[in-house]
Amino acid sequence: MTGTENSIGWSREEMAGRVAQDIPDGSYVNLGIGIPELVARFVPEGRELIYHTENGLLGMGPSPEPGEGDPELINAGKRQVTAKPGASYFHQSDSFAMIRGGHLDLCVLGALQVSQNGDLANWSLGGPDDIPAVGGAMDLVAGVKSIFVITQHCTKDGAPKLVESCTYPLTGLRVVDRVYTDLAVIAVTPEGFQLVELAPGVDFDTVQERTGARLLPIAEPTSNV
Amino acid sequence: MIDKLYDTASDALDGLLKDGMTIAAGGFGLCGIPEQLIIALRDSGVKDLTIVSNNAGVDDWGLGLLLQTRQVRKMISSYVGENAEFERQFMNDELEIEFTPQGTLAERLRAGGAGIPGFYTRTGFGTRVAEGKEIKQFDGVEYILERGIVVDLAIVKAWKADRAGNLIYRKTARNFNPLVAASGRACLAEVEEIVETGSFDPDNIHTPSIFVDRVVQTISEKRIEQRTITERA
């Protein structure tokens with residue numbers, strides 16, 4: 001738990017759990033570094049996902065037990081992981097063939113900004129002295145079939161992260177399919193941001209107020225409202 | 001029978017270095033880096049280097065060692081955020097960076113080693129990465145032209161080699177190494193174990209000997225960049 005979370009809506013863990021619910025059984029999935037990594041903890045019982053990490057492992061398992069790590073078995077966040085039965089190792093060109101070639105079903109990424117047409121900015125605040133360093137994010141958004149974003153709805157300063165158009169340097173154009181925040185699940189549609197689900201105790205007006213673009217109401221009633 | 005084995009990392013570099021050259025290095029973070037060849041490069045004093053590598057090491061290990069001694073003029077990398085000396089030199093305009101997404105870097109090395117001077121990719125379209133590059137539409141979708149990379153010298157880390165130079169990597173330490181090996185006009189491999197030629201099952205070789213010119217056996221420290229602190233899933 002961090003002190004920056006809103007007092008209403010979902011916690012980071014609940015956000016990750018909400019994303020996990022929407023990942024179909026048998027999907028090949030790449031989880032970004034940070035909050036997206038939490039998603040693996042909440043995969044519903046009986047559902048099997050195959051995790052890809054872009055430094056060259058398909059079939060990634062959880063962190064090793066203390067003392068059992070291997071310095072040559074790491075994930076893209078450079079942390080030690082394990083390999084599950086059926087896993088494979090490969091070089092970077094093959095790894096990005098899986099990504100760019102459209103073979104991965106889903107990628108979950110963090111965001112600095114998402115625009116209403118699905119543009120994503122998630123690698124730089126664009127300061128003049130910022131070191132350009134994007135890793136694999138531009139390749140992931142260019143090639144993976146579905147891109148989910150998991151992020152706090154607003155910055156620590158209260159600025160909306162869902163905006164009409166991004167002001168930070170872009171990672172990709174029209175790439176985001178869904179956004180999971182502490183307040184709501186929001187789809188990116190040809191008409192713009194469309195509410196899919198509200199976090200418990202959160203109403204439409206609250207989400208609209210904290211969103212920097214027009215929000216369309218939920219398309220059809222669901223039992224969650 | 002062909003024997004590409006050299007006694008030490010310095011011996012393996014002998015005659016291959018000149019100031020201003022371009023060197024590609026395998027590794028992701030500190031995993032699978034040719035750590036002893038990097039130390040030998042530092043000790044050689046060769047300078048004004050252009051280095052192609054996904055990362056730039058940390059301050060006191062990996063390619064960070066060559067930054068400390070100011071032997072690097074330019075880096076072609078995808079992610080260099082974990083090195084304070086890199087940041088200092090970059091902000092003082094002492095070090096140039098050619099910003100390249102990770103998958104594009106991998107493919108540029110693969111293409112260079114495969115004799116392909118350029119290729120089109122969707123990665124980076126509409127972003128800073130595309131600035132100044134040719135854009136072409138295929139089937140109604142825009143792609144950007146990226147260039148293959150061929151380097152003067154490739155340095156890689158493998159798990160095992162035979163005396164002919166066939167290489168086998170281990171787990172995620174493979175990463176960029178096979179691509180880097182093929183991108184070099186010359187390629188040096190540092191390995192943990194040397195076996196007699198003919199010991200490997202030909203089905204299991206990752207980098208065939210034709211891509212490797214010299215081999216040296218070293219003892220690897222295999223430093224860990226990030227200690228795992230996340231809970232078990």
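Below, read A as the first sequence line, B as the second, and so on, with proteins coming before strands; counting in each chain starts at 1. Excluded from the calculations below are hydrogen atoms, water molecules and symmetry mates; all remaining heavy atoms, backbone and side chain alike, are included.
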Using heavy-atom distances under 4.5 Å, tell me whether A:Ser88 contacts chain B through its side chain, its backbone, both, or neither. neither

Portion of B:Phe176 that has a non-hydrogen atom of chain A nearer than 4.5 angstrom: both

Option that, when pairs with chain B are counted at under 4.5 Å, heavy atom only, ranks first among A:Pro71, A:Ala142, A:Ser93: A:Ser93

Which bit of B:Arg110 is near chain A, if near means a heavy-atom gap under 4.5 Å: side chain, backbone, both or neither? side chain

Please state whether the side chain, the backbone, both or neither of A:Ile74 comes within less than 4.5 Å of a heavy atom of chain B. both

Do you know which of B:Glu87, B:His206, B:Met91, B:Gln102 has the most heavy-atom pairs with chain A at a distance under 4.5 angstrom? B:Gln102

Quick check for you: to the nearest 0.5 Å, what is the distance between B:Asn177 atom CG and A:Gln92 atom CD? 10.0 Å

Between CG of B:Leu179 and CG of A:Asp94, what distance do you get to the nearest 0.5 Å? 8.0 Å

How about B:Lys222: does its NZ atom have over 12 heavy atoms from other parts shown lying under 6.0 Å from it? yes

To the nearest 0.5 Å, tell me how far B:Phe28 CZ sits from A:Ser95 OG. 9.5 Å

How many angstroms lie between atom CD of A:Glu72 and atom CG of B:Leu30, to the nearest 0.5 angstrom? 12.0 Å

By a 4.5 Å heavy-atom criterion (distance strictly below it), what part of B:Thr104 contacts chain A: side chain, backbone, both, or neither? both

Of A:Gly61, A:Ala76, A:Ala137, A:Gly172, the largest count of non-hydrogen pairs under 4.5 angstrom with chain B goes to A:Ala76

If you tally heavy-atom pairs under 4.5 Å between each of A:Val134, A:Val43, A:Leu170 and chain B, the highest tally belongs to A:Val134

If we define contacts as heavy-atom pairs under 4.5 Å, which of B:Gly32, B:Gly29, B:Gly124, B:Cys31 has the most with chain A? B:Cys31

Write down the atom of A:His91, the atom of B:Arg174, and the distance for their closest heavy-atom approach. N-CD, 3.9 Å

My understanding is that only residues two or more places apart in sequence, or in another chain, count here; which of them pass ring pair (Phe, Tyr, Trp, His ring centres under 6.0 Å) with B:Tyr120? B:Phe138

So with a 6.0 Å cut-off around CD of B:Gln137, is the heavy-atom count from everything else above 12? yes

To the nearest 0.5 Å, tell me how far A:Phe96 CZ sits from B:Thr123 OG1. 8.5 Å

Turns out that what part of B:Pro178 lies under 4.5 Å from chain A's heavy atoms comes down to side chain

Spacing of CZ belonging to B:Arg170 relative to CG belonging to A:Asp70, to within rounding of 0.5 Å: 4.0 Å

Contacts with chain B made by residues 125-132 of chain A (heavy-atom distance under 4.5 Å), listed by residue number: A:Gly126, A:Asp129, A:Asp130, A:Ile131, A:Pro132

What pair of heavy atoms forms the shortest contact from B:Tyr79 to A:Lys78, and how long is it? CD2-NZ, 3.8 Å

Answer yes or no: are there more than 12 heavy-atom neighbours, outside B:Ile210 itself, under 6.0 Å from its atom CD1? no

Test log, rule side-chain contact (heavy atoms from CB on, under 4.5 Å), inputs A:Met138 and B:Phe125: CA-CA 9 Å; A:Met138 286 186 182; B:Phe125 175 72; over 6 Å; no

Kindly say whether A:Gly56 contributes a backbone atom to a donor-acceptor pair with the side chain of B:Thr172 at under 3.5 angstrom? no

At a heavy-atom separation under 4.5 Å, does B:Asn55 approach chain A through its side chain, its backbone, both, or neither? side chain

Between B:Arg128 and A:Pro169, is there a donor-acceptor pair closer than 3.5 Å when you use the side chain of the first and the backbone of the second? no

